[in-house]
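Here's the structure, in structure tokens; my notes come after.
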Amino acid sequence: MNNPDFNSKLPYVKSSIFSVMSGLAHQHNAINLSQGFPNFKSDPKLLELVNKAMINGFNQYAPMAGAIELREAIANKFQLLYNNSYCPETEITVTAGATQAIYTIISAFIKPNDEVIIFRPAYDCYEPTIALNGGKTISVQLEAPNYTVNWTTVASKITPNTKMIIINTPHNPSGTVWSKEDMLMLQKLIDGTNIIVLSDEVYEHIIFDKMHHQSACLFPILKAHSFVVASFGKTFHNTGWKLGYCCAPEKLMKEFQKVHQFNVFCVNHPMQKAIAEYINEPQHYRMLPDFYQEKRDLFLSLIQHSRFKITPSKGTYFQVLDFSAITDENDVVFAKRLTKEHKLASIPMSVFNENNTDYKVLRFCFAKTDDTLKRAADIINLI
């Protein structure tokens, strides 16, 4: 029998660390603080709005760019938050989650041998998507515990082949937040070039200690070069809905939509209708910084006397903890042992770093009920 030999386009890609750790958590009945999803219920009002949209017949294809009511609501949100906005008719597209937006942006612009600069530790969909499109990933490593950007290093990485720079703030997995000065340095670097910036801002509403999110849209030159990507699933505790959006100047968005229409064409219609009505009441996203800061502060107060070293998260719903005072084990080994022996799952950070550099830190998700955080803290305090 002839068995065809297929050549993989991603021969080095294995199961994601999220799948591995969540699988171990399930297998060993462990508390799962690994994968980034809330374990509390959605707002009943939002569920009612989805149900209303279904009953009212919005169950067929939505417009390719998204329901106009939602695009208008997104534009209004930008105006309210940043005194800056995008045209709902030509500069906003609703997507099947932020990851689809990221995939489509890279696919629309990256050709073989184009270089894309990313900052590590990096969300794990960036590099495989670059590879699938024949591009080359150029990494800038951010070092624990502060994960700050060395802009001299970034400048040295830019070549005539640099087509795109991908940024992420608030940053997953480190929980750090870029400053206004960081954004101005980036703007200075791309001014006068044709470099596209993909600004992954899915945690824009989850930022702490009275800090302000520095969206790419706030900086005129940067905005002209940038896609801003966001996620309603992350924002409103419904990651399974896979609903997000991206914004960009019309010239960039036209290229995005050329790929988007053949990728998914459009996304869930009744959920778009519901979200459009929901975000027209700004309190639904304005309350999120305080809501998640209470979660962060509770978690950190509960583990303050543990052997882990703590640098409080500045944004996202992730907390990085340094275990160097506990063991010399590799972080992947320690994370797996923590899951199997102590029944607590986390994410080892080295898998996101250049050459899998191990800074002896684990990432924990605190988007959990208070009871879950208390039970997890009891385990951490005994390690």
Side-chain angles (χ1 to χ4, degrees), residues 31-50 70 73-74 76-82 97-98 123 168-178 200-215 228-245 271 274-304 310-321 346-347 363-377 380:
I31 298 171
N32 190 357
L33 300 193
S34 60
Q35 199 163 359
F37 59 86
N39 73 336
F40 40 81
K41 294 181 179 180
S42 306
D43 184 346
K45 180 173 182 178
L46 184 53
L47 301 183
E48 290 172 9
L49 291 172
V50 174
L70 180 52
I74 292 167
N76 291 338
K77 180 172 78 79
F78 271 84
Q79 188 65 51
L80 181 64
L81 290 177
Y82 308 118
Y123 181 49
N168 175 211
T169 181
H171 182 251
N172 174 23
S174 74
T176 54
V177 173
W178 280 25
D200 180 349
E201 303 182 17
V202 301
Y203 297 100
E204 64 172 325
H205 300 297
I206 307 176
I207 192 165
F208 310 133
D209 304 318
K210 306 303 180 184
M211 297 181 70
H212 298 286
H213 173 57
Q214 300 297 322
S215 174
V228 170
V229 175
S231 166
F232 292 120
K234 293 289 189 184
T235 300
F236 296 125
H237 329 312
N238 297 297
T239 58
W241 288 14
K242 296 299 293 180
L243 192 65
Y245 63 91
M271 290 176 183
I275 291 286
E277 188 170 342
Y278 193 71
I279 66 173
N280 277 327
E281 298 181 33
Q283 72 271 17
H284 288 136
Y285 51 83
R286 285 193 178 278
M287 52 78 68
L288 290 169
D290 289 342
F291 174 80
Y292 276 113
Q293 184 165 335
E294 287 180 8
K295 294 285 185 187
R296 182 203 67 174
D297 292 349
L298 171 64
F299 184 50
L300 295 186
S301 69
L302 290 169
I303 63 171
Q304 61 181 315
I310 300 169
T311 301
S313 171
K314 294 181 173 65
T316 76
Y317 43 54
F318 302 114
Q319 177 62 52
V320 172
L321 298 178
S346 59
I347 292 291
R363 191 200 77 172
F364 295 82
C365 176
F366 56 81
K368 307 296 177 182
T369 63
D370 290 358
D371 177 68
T372 299
L373 293 177
K374 289 172 183 176
R375 289 188 294 116
I380 289 173

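Here the structure is a predicted model, which is why all the values come from computation and not from measurement. Because only heavy atoms are used, hydrogens play no part in the values below, and waters and symmetry mates are left out as well, while side chains stay in.
- Between the side chain of N238 and the main chain of F236, a donor-acceptor pair closer than 3.5 Å is present.
- With Q319 contributing its side chain and S313 its backbone, the two residues share a donor-acceptor pair below 3.5 Å.
- The shortest heavy-atom contact between I279 and I74 is CD1-N, 4.1 Å.
- Considering all non-hydrogen atoms of both residues, H205 and L288 come closest at O-CB, 3.6 Å.
- Separating the OH atom in Y82 from the NZ atom in K77 is a distance of 5.5 Å, to the nearest 0.5 Å.
- Counting non-hydrogen atoms of other residues, nucleotides and ligands closer than 6.0 Å to NZ of K314 gives a total of 12 or fewer.
- Applying the side-chain contact (heavy atoms from CB on, under 4.5 Å) criterion to S34, with sequence neighbours excluded, gives M21, S22, N32, A345, I347.
- For the atom pair NZ (K368) and CZ (R375), the distance works out to 11.0 Å, reported to the nearest 0.5 Å.
- Atom CG of residue L46 and atom CE of residue M271 lie 9.0 Å apart, to the nearest 0.5 angstrom.
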Q) Step by step, would you call I206 with R296 a side chain to side chain contact (heavy atoms under 4.5 Å, CB included)? A) CA-CA 11 Å; I206 307 176; R296 182 203 67 174; over 6 Å; no

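- Atoms CZ and CG, on R286 and L81 in that order, are 5.5 Å from each other to the nearest 0.5 Å.
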Q: Go through the steps for V320 and T176 under the test side chain to side chain contact (heavy atoms under 4.5 Å, CB included), then give the verdict.
A: CA-CA 10 Å; V320 172; T176 54; over 6 Å; no

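- Closest non-hydrogen pair, L47 versus S42, comes out as CD2-CB, 3.9 Å.
- In this view, T239 and F37, P38, K234, Y317 satisfy the side-chain contact (heavy atoms from CB on, under 4.5 Å) rule, not counting sequence neighbours.
- Counting heavy atoms from C-beta on, the side chains of K295 and D370 come closer than 4.5 Å.
- Evaluation of the side-chain contact (heavy atoms from CB on, under 4.5 Å) rule for L302 yields L298, K374, A377 as partners, not counting sequence neighbours.
- Under the 30°/60° scheme for interplanar angles, the aromatic rings of F232 and Y245 are found to be tilted.
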Q: Verify side chain to side chain contact (heavy atoms under 4.5 Å, CB included) between W241 and V50, making sure each step is shown before the conclusion.
A: CA-CA 11 Å; W241 288 14; V50 174; 3.5 Å; yes

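- The shortest heavy-atom contact between Y292 and F40 is OH-CZ, 3.6 Å.
- Taking N76 as the reference, nothing meets the side chain to side chain donor-acceptor pair (under 3.5 Å) condition, with sequence neighbours excluded.
- Remark: M287 pairs with F291 by the side-chain contact (heavy atoms from CB on, under 4.5 Å) rule, at least two apart or across chains.
- Here the shortest heavy-atom pairing between S346 and F364 reads CB-CE2, 3.5 Å.
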Q: Step by step, work out the side chain to side chain contact (heavy atoms under 4.5 Å, CB included) result for Q214 and T169.
A: CA-CA 8 Å; Q214 300 297 322; T169 181; 5.8 Å; no

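- To the nearest 0.5 angstrom, E294 atom CD is 12.0 Å from F366 atom CZ.
- Listed by first and then second residue, the salt bridge (Lys or Arg N to Asp or Glu O under 4.0 Å) pairs that reach into residues 276-285 are K45-E281, K52-E277, sequence neighbours excluded.
- When all heavy atoms are compared, the tightest approach of A230 to A98 is O-CB, 3.9 Å.
- Note that CG of L321 is 7.5 Å distant from CG of L300, once rounded to the nearest 0.5 Å.
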